[in-house]
Student: 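I'd like to ask you about the structure that follows.
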Amino acid sequence: MDKFTRLTGVAAPLPMINVDTDMIIPKQFLKTIKRTGLGKSLFFDMRYDDAGAENPDFVLNRPAYRQSKILVAGENFGCGSSREHAPWALLDFGIRCVVAPSFADIFYNNCFKNGILPIALPKGEIDKLMDDAERGANATLTIDLEKQEITGPDGGCIRFEIDPFRKHCLLEGLDEIGLTLQKAASITSFEETQKSSQPWLYP
Amino acid sequence: MAKPRTLFDKIWDSHLVHVQDDGTCVLYIDRHLVHEVTSPQAFEGLRTTGRAVRRPEATLAVADHNVPTTDRSGGIEDEESRIQVDTLESNCAEFSIPYFSMADDRQGIVHIIGPEQGFTQPGMTIVCGDSHTSTHGAFGALAFGIGTSEVEHVLATQTLLQKPAKNMRITVDGELAFGVTAKDVILAIIGTIGTAGGTGHVIEYAGDVIRGLSMEGRMTVCNMSIEAGARAGLIAPDETTFAYLQGRPMAPKGADWERAVAYWRELVSEEGAVYDRERSPGAPARRTWCRSPAACPIRPTRPTRAGARPWSARSPIWGSRRARRSPRLPSTGSSSAPAPMPASRICAPPPPSPTAARWPRPSAPWWCRARG
């Protein structure tokens with residue numbers, strides 16, 4: 001996983017609530033056995049028309065936002081299916097950070113496993129960032145994870161909260177499985193105790 | 001005296017392997033269900049890092065989303081779907097994971113085969129790369145959906161890194177009127193708390209109405225916990241649960257059965273246990289007609305087009321487009337949570353469309369027409 005330290009990029013506004021993972025990457029693209037290549041299908045139904053041509057009105061198709069690295073969205077972002085294809089698609093497009101008033105739990109978790117930083121902020125702050133994002137190519141935000149700060153195009157600064165362990169893993173690009181395997185002895189000891197008290201779990 | 005604990009607290013506490021200084025827990029996972037859509041990249045991860053599956057026997061795989069709903073004897077026609085199912089099969093063979101193939105009588109929807117086989121049991125922690133894993137909560141198991149990176153984490157370590165969820169209890173007392181089902185109960189609950197009302201919480205369903213439901217009804221309720229945004233749903237196990245499980249192929253047998261039931265009977269929230277949130281919405285009086293789980297008022301009749309709150313009112317850019325486009329490949333995504341839903345994906349009849357005229361609608365809905 002790539003480290004996430006500091007990110008500067010164009011922020012795209014997506015002023016919609018309840019953006020579910022099927023909107024982020026529709027079900028027909030889940031038949032892949034790879035993690036990559038999903039970026040072109042990100043937000044497929046909104047981004048393309050029925051004939052497969054780009055919808056010029058959709059934010060990520062507008063010239064100013066084609067290289068966006070940040071997404072500013074409405075409440076309950078990433079609800080619905082647990083598909084990790086949603087953060088994979090965002091990442092493959094180039095989005096490394098999503099800012100919204102709230103996120104669905106599974107999507108929020110999945111972001112951290114892929115080096116994407118989801119930032120939850122109060123609605124008032126999101127409204128300001130949404131305004132900034134509407135400025136097109138001038139909508140450049142800088143996210144500093146170490147300082148937990150977002151700096152806007154006019155120098156305004158917003159602080160955000162994040163779980164310290166998750167911050168550490170993102171900053172270092174840590175492999176969580178490797179970290180857990182360091183506790184293999186504790187896992188074995190747990191299994192031995194559980195096996196003696198609940199033998200039916202070990203048929 | 002120890003603080004009274006909820007059912008969630010009890011299951012959580014009994015699965016803690018390690019707690020880090022910042023409160024992050026290494027949580028032991030008793031059972032892991034795997035299907036073809038959310039697992040190939042996890043197995044690939046194991047291969048590239050040279051890691052093994054820690055407990056193949058605690059894992060059960062099934063071909064699910066890509067199985068044709070039509071005749072399957074000729075295999076899967078769609079190439080990508082076929083590759084995904086073949087990949088699951090070869091991954092299971094390579095990592096020695098029990099697998100129900102498409103030709104196996106036990107094959108079915110991933111959330112259903114666990115209960116059917118007795119693989120799902122009270123007090124367990126159960127995960128699967130599918131948001132509707134909350135279904136297993138009907139048995140008093142802590143069950144939740146995970147992403148593919150977490151599928152790989154569980155395969156390699158039989159654990160997950162988690163922080164405890166908050167406790168919510170929803171008590172539904174009263175009696176269900178004729179024709180009102182478990183689906184109406186959960187839709188009414190979501191109508192009360194909203195599609196993000198359960199975010200960060202595990203919802204325990206309690207009350208007379210829930211106690212009176214069959215296991216299938218309880219699974220229906222817990223299944224839709226994700227549509228309320230909750231991490232999981234839970235219903236304390238009771239005689240209905242035990243009767244359902246007894247004799248199932250993977251359920252405990254003999255002395256183990258007696259011992260297990262004695263343990264399961266302890267899996268109830270204690271008197272005085274404190275919940276972060278409590279709601280008591282009461283039994284829905286009538287059958288639900290809805291266009292989104294967030295907008296499910298209990299109505300006596302089907303809403304008219306003019307009277308219904310259009311989805312497009314909630315997300316103006318999206319609503320009309322999404323309702324217009326039909327799923328392209330119906331063989332995928334069948335059991336992934338589509339929450340919150342646009343018109344026509346769940347209980348509500350589809351909105352009038354030019355094609356509707358070709359499908360004459362019966363004068364009464366199916367559930368109140370005479371049988372036979």
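First the proteins, then the strands, lettered A, B, ... as listed; each starts at 1.
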Student: If you round to the nearest 0.5 Å, how far is CD of B:Glu80 from CG of A:Leu30?
Tutor: 10.5 Å

Student: For residues A:Asn110 and B:Gly147, report the shortest heavy-atom separation together with the two atoms involved.
Tutor: OD1-CA, 3.2 Å

Student: Which value, rounded to the nearest 0.5 Å, describes the distance between A:Ser81 atom OG and B:Asp130 atom CG?
Tutor: 6.5 Å

Student: Decide, yes or no, whether a salt bridge links B:Asp78 with A:Lys31 under the criterion of side-chain N to carboxylate O below 4.0 Å.
Tutor: yes

Student: To the nearest 0.5 Å, what is the distance between OG1 (B:Thr157) and CG (A:Leu179)?
Tutor: 11.0 Å

Student: For A:Ser189, is it the side chain, the backbone, both, or neither that has a heavy atom closer than 4.5 Å to a heavy atom of chain B?
Tutor: neither

Student: Look up atom CD in A:Gln182 and atom NE2 in B:His18, then write down how far apart they are to the nearest 0.5 Å.
Tutor: 10.5 Å

Student: Is it the case that the side chains of B:Glu57 and A:Tyr202 hold a donor-acceptor pair, with the cut-off being a distance below 3.5 Å and no angle test?
Tutor: no

Student: Run the numbers on B:Ile146 and A:Ile106 for side-chain contact (heavy atoms from CB on, under 4.5 Å), then give the verdict.
Tutor: CA-CA 6 Å; B:Ile146 55 177; A:Ile106 303 175; 5.9 Å; no

Student: Heavy-atom pairs under 4.5 Å with chain A are the metric here; pick the option from B:Arg51, B:Gln121, B:Lys163, B:Gln20 that has the most.
Tutor: B:Arg51

Student: Which bit of B:Leu160 comes within less than 4.5 Å of chain A, counting heavy atoms only: side chain, backbone, both or neither?
Tutor: neither

Student: Which value, rounded to the nearest 0.5 Å, describes the distance between A:Thr180 atom OG1 and B:Leu161 atom CG?
Tutor: 4.0 Å

Student: Go through B:Glu150, B:Glu44, B:Arg259 and name the one with the most non-hydrogen pairs under 4.5 angstrom from chain A.
Tutor: B:Arg259

Student: Applying side-chain contact (heavy atoms from CB on, under 4.5 Å), run through A:Ile177 and B:Thr49 and close with a yes or a no.
Tutor: CA-CA 10 Å; A:Ile177 297 176; B:Thr49 49; over 6 Å; no

Student: Relative to chain B, which segment of A:Asp57 carries a heavy atom at a distance below 4.5 Å: side chain, backbone, both, or neither?
Tutor: neither

Student: Hey, what's the ring geometry for A:Trp200 with B:Trp264, parallel, tilted or perpendicular (30° and 60° as the breaks)?
Tutor: perpendicular

Student: Under 4.5 Å from any heavy atom of chain B, what part of A:Thr188 do you find: side chain, backbone, both or neither?
Tutor: both

Student: Pick one of side chain, backbone, both or neither for A:Leu201, based on which atoms fall under 4.5 Å of a heavy atom in chain B.
Tutor: both

Student: Less than 4.0 Å between a side-chain N and a carboxylate O, is that true for B:Glu152 and A:Lys113?
Tutor: no

Student: What's the spacing between A:Lys167 NZ and B:Asp22 CG if we round to 0.5 Å?
Tutor: 12.5 Å

Student: Any luck finding a side-chain donor-acceptor pair between B:Ser149 and A:Glu84 under 3.5 Å?
Tutor: yes

Student: Indicate the atoms forming the closest heavy-atom contact of B:Asp256 with A:Pro199, along with that distance.
Tutor: OD1-CG, 3.8 Å

Student: Looking only at the side chains, is there a donor atom on one of A:Gln194 and B:Asp30 sitting less than 3.5 Å from an acceptor on the other?
Tutor: yes

